[in-house]
Amino acid sequence: MSNSEISFVRTEMLPEKAPPAKETGAIKWIRQNLFSGWLNILLTVLSLYVIYAVLSLVLPWAFGGVWNAGSLTECREVLFSFYKGSHDGACWAVIEDRWLQILFGFYPPELYWRPILAFVLLFVALAPILFADKVPGQLMWFSLAYPFLAAWLVWGGSFWLPIFAAFGFVAAVIAYKILIKFAGPIVANLGALAAALIWWGMLMSPISDGLHKMVGSSRFENTVATLNARTDALPAEVAAEDALLEAKQAEIAEAVEVKNEILIEMTGIRIEEFGIEEQFEAKEVALQRIVGASESISDLSDILADWGGAPVAASGASEGDIAKAEAAAETAEDLVGDIESLLTGALSDLADDTVDASELMVSSASQADPSIAEDVSSMVSKAGLEDPIAALIVRAGNVSTETPEAELMALQADVETAASALGANIEALQTVHDKVIATNAESLVDPQARLLDQTSLLTALRDDQTVISQSKFRLETELSEGNSFLNSLGTLEAREASLPGLRSRVADLKAELPRNMRNLIAVNQLPEGTSSADERLLSEYLSARSDVLGVSASVNDTYGELGRVGLLPIDSRNIGGFMLALIIGIAGIVLSLPLGILLALGRQSHLFIVNKICVVFIEVIRGVPLIVWLFTASLLLNYFLPPGTNFDLVLRVIIMVTLFAAAYIAEVIRGGLAALPTGQYEGADSLGLSYWQSMQLIILPQAMKISIPGIVNTFIGLFKDTTLVLFIGLFDPIGLAGAIRADTAWNGIYWELFIFIGLLFFIFCFSMGRYSLHLEKKLQREHR
Amino acid sequence: MSDTTTERAINRDAMTVSDEVAIQITDMNKWYGTFHVLRDINLTVNQGERIVIAGPSGSGKSTLIRCINRLEEHQAGTIMVDGTELSSDLKNIDKIRSEVGMCFQHFNLFPHLTILENCTLAQIWVRKTPKKEAEEIAMHFLEKVKIPEQADKYPGMLSGGQQQRVAIARSLCMKPRIMLFDEPTSALDPEMIKEVLDTMIELAEEGMTMLCVTHEMGFARQVANRVIFMDAGQIVEQNEPEEFFNNPQSDRTKLFLSQILGH
């Protein structure tokens with residue numbers, strides 16, 4: 001090979017060209033993604049079939065559903081009037097009836113605006129966090145204030161409560177700023193923690209009580225006067241609502257009556273349908289019997305042909321032959337009986353339908369179309385069928401084992417003729433039936449439309465009734481609460497005046513007690529052999545002390561209600577439904593992320609104690625089912641808290657859910673931290689950044705980015721796990737579904753409720769997933 | 001090994017060595033577990049010196065310069081940087097680290113920040129420089145390493161040579177008195193090695209104190225005022241570049257040089 005052959009110099013660079021037409025566009029996509037090989041074609045076709053099969057079941061059910069009904073029975077009535085059982089439909093009416101309850105639990109309906117407002121503001125608060133690049137940063141202050149505002153909106157109370165709660169953090173910051181000037185960061189952090197705890201634990205509630213008392217005392221006279229006036233006026237209002245309610249109930253009863261009349265009318269229209277169906281069934285049975293009779297005749301003639309007449313053993317036959325002949329004779333006798341009884345049965349079957357032909361002929365389908373009347377009359381008249389069968393029965397009665405074969409054959413031929421006549425009649429009946437249904441469908445259009453109108457009218461009436469009964473319930477509650485509040489206001493002065501006396505009695509009793517008994521909190525803690533006098537003294541002291549606590553708490557409660565400036569407080573028991581899932585889920589998500597980050601950093605830390613605490617925490621929390629932690633929150637926590645502390649159940653659940661999710665988040669973020677090259681740590685170190693600076697600026701942003709899918713996964717899991725609170729007596733959506741199903745009106749319904757609840761959760765979880773994808777894409781900076 | 005030479009004449013005027021001591025390492029020892037990595041290291045570096053550390057892999061060169069800004073901890077002896085002793089006191093460490101710049105083999109830029117943010121981050125958070133001023137300083141040094149137009153890109157969009165120059169600019173933004181280079185060119189293509197070496201030469205011409213672990217013997221010859229040869233955790237030989245390359249004393253050095261320059 002010479003040198004000139006391999007030498008090559010490009011003098012011109014090649015221009016860019018478009019790819020071949022076959023390799024672009026929809027055709028390529030379909031070829032590549034759906035039909036790229038035999039196996040894939042098979043899989044595509046199979047998948048399409050499965051999708052079709054599922055949708056053809058689900059879609060008619062879902063879209064042919066009933067939206068207006070007061071109970072499952074009503075749902076079924078409407079469905080039957082449309083489909084006559086040919087296919088099932090969803091009873092969406094239960095959602096229409098109960099969706100507010102599924103969303104809000106037992107929250108008072110007139111206060112729904114509070115959680116709704118909190119929910120709307122949530123998006124304002126989330127905007128600067130989720131879309132930092134598109135929203136002004138000043139909104140961040142609102143995001144920080146939002147948790148306190150939202151809690152206040154949902155739970156209510158005086159307006160200063162959320163401000164006081166937030167002030168704990170302010171106190172911590174102030175303490176930190178002061179201490180950092182004199183001491184190291186550890187002391188400053190501990191000081192900040194102490195300041196916050198002192199504020200929350202010792203200062204906050206006395207100050208709040210003081211404010212309530214101040215405001216309450218100034219309002220006392222006014223409040224009593226207003227309450228008196230109100231409680232006097234209320235019974236009349238309740239009575240008015242009662243009258244309204246009664247009127248509405250009467251209206252509803254009337255509407256139900258109209259609805260039932262429409263249903264009866266529809267049944268009337270369908271009477272031929274039903275009658276023909278009944279005939280149809282009777283004739284089918286008769287036909288079977290006649291066919292059976294024909295078979296019996298042929299069996300009989302077979303036996304007779306075998307034996308050449310009635311089966312009789314030849315003289316001198318063996319014992320076995322005699323037995324055989326006897327058995328054959330018996331079978332032949334049975335068959336003879338069968339023929340007659342089957343034919344008789346067929347005749348009575350034919351007479352077994354209850355519908356009178358003349359009745360059918362006046363019904364609407366016959367009137368609408370005279371040809372149907374003719375058809376029906378000819379089909380339902382049974383004379384042509386019954387007479388031959390009756391004749392056959394007579395002939396069958398004459399049959400015996402001695403009957404000649406030719407006669408038997410003739411009988412069988414006639415029976416078969418009767419059978420085929422009946423078969424033809426049944427077929428004709430089928431045609432008539434189809435015709436009747438087609439005619440009836442037209443006549444049914446109007447009553448069906450009226451039925452739908454009537455049910456939607458009923459739904460509207462029932463909604464009105466709900467509003468009235470809610471307002472009546474509200475007035476009744478106001479009356480009873482007003483009365484009991486007036487009562488406690490009446491005794492307020494006396495209770496307050498009794499306090500100093502009670503306190504000094506406690507002090508006296510305490511002084512009398514032997515020194516070693518003064519810290520006991522129960523009589524059964526006394527050591528063995530304590531004198532009965534001492535025991536009595538202790539029990540007196542304890543009951544006096546609990547009296548003081550009880551009276552002062554009741555005084556505080558009264559003042560709390562009297563001096564409240566803000567929203568009506570709502571008990572946690574009444575917070576339920578999807579709102580509860582959102583409260584627990586969002587609080588858990590917001591709180592577990594920072595805690596998870598700290599745990600992850602702690603688990604990576606070189607500080608031995610910190611490291612081990614984090615490891616143990618994570619492993620213990622993660623290793624025990626959430627449901628156990630929830631039970632701990634609802635039951636066991638009471639034993640560890642000081643007596644008399646009233647720690648809100650929802651708050652306890654939030655804490656447990658947060659801790660649980662934080663352990664998972666910590667492990668997810670630890671994975672992200674481990675995935676970072678050590679060069680990033682060294683790069684940050686070499687620039688002189690401190691540990692917290694390098695974590696905040698370099699390490700965590702990158703580790704978190706890697707962990708986004710895992711974090712969001714954990715959040716979605718947490719959100720769905722909020723349904724577990726059902727087991728500790730909180731009414732989450734699933735718990736409410738149970739409550740709704742326990743109502744007699746909706747007993748037996750489940751798909752519709754769970755589909756609705758599933759949809760609610762799906763919307764939120766799917767949004768979270770999409771947001772995480774968006775975030776991942778936005779932070780994608782590695783590729784060119 | 002490529003023997004890169006620059007086309008232009010190198011200006012050695014500013015490359016003066018002062019009497020002021022920049023780094024003083026005395027009887028320094030380091031172990032990884034029981035493995036004795038650095039043995040009785042004694043090294044004095046004056047202000048303005050340009051030292052190249054050479055040696056086979058595993059000889060402890062990188063560990064030595066990583067000890068100087070305490071990315072690695074030493075267990076015996078003392079290291080004084082600019083008159084401050086390196087100890088476990090966190091304040092001293094952060095102070096020294098902000099005075100000593102470092103460039104890594106794999107650049108270690110922060111991929112989630114733009115080039116400009118990479119350069120201003122430490123100024124803003126460690127030096128507490130106002131953002132505006134920090135950006136001016138950063139742009140100044142980015143111009144110096146000849147990539148101001150990349151300021152708003154992310155490190156992933158740059159070539160290796162460009163990234164290493166950004167890393168140098170990032171260190172320079174902290175106005176360090178000493179620069180450490182840990183094999184700055186060994187992860188680069190030959191085409192890119194030159195642009196990085198040019199930047200380092202410019203730095204040397206301005207009188208920066210430099211400690212450089214590298215296999216670029218051309219660079220050592222042209223720029224260094226001292227070459228240190230290490231093997232098995234010890235300093236085996238140190239000399240001026242001319243003497244070191246032309247007249248090596250120890251057999252270990254001769255072997256190393258014959259292997260590295262022999263082809």
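The sequence lines fix the lettering, A, B, ..., with proteins before strands; numbering per chain opens at 1. As a basis for the values below, the full set of heavy atoms in this structure was taken, side chains included, without hydrogen atoms, waters or symmetry mates. Since this is a predicted model, take the numbers as computed values, not measurements.
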Task: Members of residues 594-608 of chain A whose heavy atoms come closer than 4.5 Å to chain B - done: none
Open item on the list: Testing the basics here: between B/M102 and A/S686, what is the closest heavy-atom pair and its distance to 0.1 Å?
Closed with: CB-CB, 4.1 Å
Open item on the list: Tell me whether A/R770 at atom CZ has more than 12 heavy atoms from other residues, nucleotides or ligands lying less than 6.0 Å away.
Closed with: no
TODO: Please check if atom CD in B/E149 has more than 12 non-hydrogen atoms from other residues, nucleotides or ligands closer than 6.0 Å.
DONE: yes
Task: A/E682: which of B/R66, B/R70, B/R97 passes salt bridge (Lys or Arg N to Asp or Glu O under 4.0 Å) - done: B/R66
- [ ] Not counting sequence neighbours, which residues clear side-chain hydrogen bond (donor to acceptor under 3.5 Å, both in side chains) with A/H774? List them please.
- [x] none
- [ ] Return yes when atom CZ of A/F617 has more than 12 non-hydrogen atoms of other residues, nucleotides or ligands closer than 6.0 Å, and no otherwise.
- [x] yes
Task: Heavy-atom donor-acceptor pair, B/H112 side chain to A/L779 backbone, under 3.5 Å - done: no
Open item on the list: Give the interface residues of residues 170-181 of chain B toward chain A, defined by a heavy-atom separation under 4.5 Å.
Closed with: B/R170, B/M174
Open item on the list: Heavy-atom pairs under 4.5 Å with chain A: which of B/V100, B/N108, B/I96 has the most?
Closed with: B/N108
Task: Heavy-atom contacts under 4.5 Å, residues 121-138 of chain B to chain A - done: B/L121, B/A122, B/W125, B/V126, B/K128
Open item on the list: Between B/F104 and chain A, with a heavy-atom cut-off of 4.5 Å, which part of the residue counts as in contact: side chain, backbone, both or neither?
Closed with: side chain
Open item on the list: Please report the interatomic distance CG(B/D94) to CG(A/D685), rounded to the nearest 0.5 Å.
Closed with: 8.0 Å
